Amino acid sequence: MIYPLLFLLAAGLNILLGLPQWPHVLAGNLQDPDSYMRLLRIEQGVHAGHLVTIVAGDQSGHGVMVEWSRLLDMIIWLLAAPMAPFLGWHRALFAAGVALGPLGVGWLGVSLAWAVEPMALRRHLWSAAAASALLPAIASIALPGVVHYHVALLALITLTAGCVLRAVRDNVWYGFLAGVCGGFAIWMTPETMPFVLMAYGALALRWLYARNAVVLLATGAGCFDVLGAGLFVDPPAGGYGVPEIDRLSYVYLALGLILLASATLLLRVQQARHARWRGPLGLLVMGLPLLGWMLVFPGVVEGPAGLLPPAEAKVFFSNILEQMPPRGLELIVFLLPGAWAVFYAMTRAWREWRAPRAPFHADADIDLLGTAPRVPLAWAYVALCAAVALGLGAGYLLFTSLSAIFAAALLPVALSWIEGTGGSQALFKRMALLCLILLGPFLAARANAHAATPTVGMGKAYPSCALHNIAPLLAPAAGQVVLALPQDTPELLYRSHIFTVGSLYHHGIAGFMKDRAAWRASPGLREPAAVARTDAHYVLFCSTAGRFLLVADLPRSTLWDALNEGVVPPWLKALAHNKDGWTLYKIVP
């Protein structure tokens, strides 16, 4: 009965925290460009008769390949299908996408509680579910109207770790389930791959002290099975032979095969007579093939930077907020819980190392409760994994949620440990910990939001630049290429029938660079060559208080600056204007 209640707790808190955004969302708006692109891709797939990866309309009408695997598309399609006969696919997909936030957070809360249940008292599991909704690093990617895979990948990583925690006790069934969950996590997005391998690494450490090759074989089999089935039904846009690293492809099927083959060979090593060499030899059998895989596909190690040439990558990622590091109060908002998780795991490792321990027996259970041998090694490994997640979050806002789930998972463990130590101050310590992890970042997020509220100087009022009612304005440009800012492309394609020049997707780098060059061009008396190369017949613009990142490094002599200051070059003719501040210009001789 506890898990349905935990689901309702996490989902309910997510809905309550989103109250300020719900009116905006229920009026038909989403929170970010990726959400519009996700629903647009699914809707275009519905009309095509199959889910697609290439979204029509971008790159001057040639379309753009959006690199996401289609697993989440399938889930949203299944949620929308029962509503489609009554609402139509457009509205049904929107409703399913909006429901994804509370459902995802509820699923994450249950996953976190279930994963750490062997390590914590049941009466403290609520804290993991509450943290899944309250921690700003998670709440910021689970706002109402965010239709993306970020919460789902956290849940799948958590389920993988929970299965591994049970498989460490040489449970073959949970070893297989760990492989299945890890396979689905990588299928959802390869961003999960490092943490899936970290979870499997715990089973490799178990190998040093026990013969668990069968468990590792089951894990490899489960992972390979899911990756193989996933690739069969969800190949890259270019076919099965395309080695994509940012979505499911044969690159990751090869990883699953390596895990399976290494575990198969490990069965032979397990039968070796010389037990002294069995442990190190087994690690070599498991580690060397993985190293070879990374050498064959170096882009996997490079991450997002390996997707583009260095010069283009620098320009591309400098325009994406989530690729920037947290600063100022954001360090407390997003990184404090993860930093506490590292500190707590290191403290437990040190305390368990200094405590008296029973002699080690290879057949004994290994857990993180302090009741079994080799606990210091386990806690040190948890600290290492949490530190890696914290380091990624310190470099990229996108990854701050990964360190947050370590805090959410360890919170009920720490509360149980404090209670177990007893003492008159146990209640005070538990309350202080809850305030530090759940309340501290939450209040810092509110203070940071207040400090970041833009103020408009010199008495000039700027328009909202909302795109909700953009369709009537763009009606004259239907079927034509319109030059607009790249971050607006997904919503423009979602709400109108125009073609756009570029967007912020890796496989659309050519269109993005054309879009960028056009806005950075000097307006002049005639149409600049950079604008002509976009094949645009129209320009869409809305004035803002601050300069846009595309032109921030240049003097105020760009096309963007001219339009923002109301200086319209002679080769542009204003056709129409709407109440949200948008003006549609036609390019004329």
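The chain is numbered in sequence order, starting from 1. A quick note: this is a predicted structure, and the numbers were derived from the prediction, not measured.
Between atom CG of residue L135 and atom CD1 of residue I405 there is a gap of 11.0 Å, rounded to the nearest 0.5 Å. In this structure, H124 NE2 and M119 CE are separated by 14.0 Å, a value rounded to the nearest 0.5 Å. Separating the CG atom in L493 from the CD1 atom in I498 is a distance of 6.5 Å, to the nearest 0.5 Å. The CG atom of L397 lies 11.5 Å from the CD1 atom of I141; values are rounded to the nearest 0.5 Å. Residue L485 holds its CG atom at 8.5 Å from OG1 of T544, rounded to the nearest 0.5 Å.
No donor-acceptor pair under 3.5 Å is formed between the side chain of R495 and the backbone N or O of I470. Formation of a donor-acceptor pair under 3.5 Å by the R70 side chain with backbone atoms of P235 is found in this model. Formation of a donor-acceptor pair under 3.5 Å by the Y3 side chain with backbone atoms of S111 is not found in this model. In this structure a side-chain-to-backbone donor-acceptor pair under 3.5 Å is missing from E117 to R122.
Listed here is the closest heavy atom pair of G109 and S132: CA-OG, 3.4 Å. Shown here for A394 and P326, the closest heavy-atom pair between the two residues is O-CD, 3.5 Å. The two atoms that bring T192 and A185 nearest to each other are OG1-O, 2.9 Å, heavy atoms only. Closest of all the heavy-atom pairs between V116 and A409 is CG1-O, 3.3 Å. Between A128 and A113, the shortest heavy-atom contact is CB-N, 4.2 Å. Taking each heavy atom of I15 and W22 in turn, the nearest pair found is O-NE1, 3.2 Å.
The aromatic rings of F316 and F512 stand perpendicular to each other, their planes meeting at an angle above 60°, with 30° marking the opposite boundary. Taking the six-membered ring where tryptophan is involved, the planes of F399 and Y396 are perpendicular, since the angle between them exceeds 60° and thus also 30°. Under the 30°/60° scheme for interplanar angles, the aromatic rings of F184 and W187 are found to lie parallel.
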### Task
Mind running disulfide (SG to SG under 2.5 Å) on C542 and C465 for me, showing each step along the way?
CA-CA 6 Å; C542 184; C465 294; 2.0 Å; yes

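With hydrogens and angles left out, the side-chain atoms of Y149 and R38 include no donor and acceptor closer than 3.5 Å.
Between W68 and Y505, the distance from one ring center to the other falls under 6.0 angstrom.
By the ring-ring contact (aromatic ring centres under 6.0 Å, His included) test, W340 is found to be paired with Y344, residues two or more places apart in sequence or in another chain being considered. For Y200, there are no ring-ring contact (aromatic ring centres under 6.0 Å, His included) partners, not counting sequence neighbours.
Other residues, nucleotides and ligands contribute over 12 non-hydrogen atoms within 6.0 Å of the NE2 atom of H468. Within a 6.0 Å sphere centred on CE of M431, heavy atoms belonging to other residues, nucleotides or ligands number 12 at most.
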Cut-off 3.5 Å, no hydrogens considered: what does the side-chain donor-acceptor table look like for residues 76-98, sequence neighbours left out?
unit_1 : atom_1 : unit_2 : atom_2 : d
H90    : ND1    : E43    : OE1    : 2.9
H90    : ND1    : E43    : OE2    : 3.2
H90    : NE2    : Y494   : OH     : 3.4

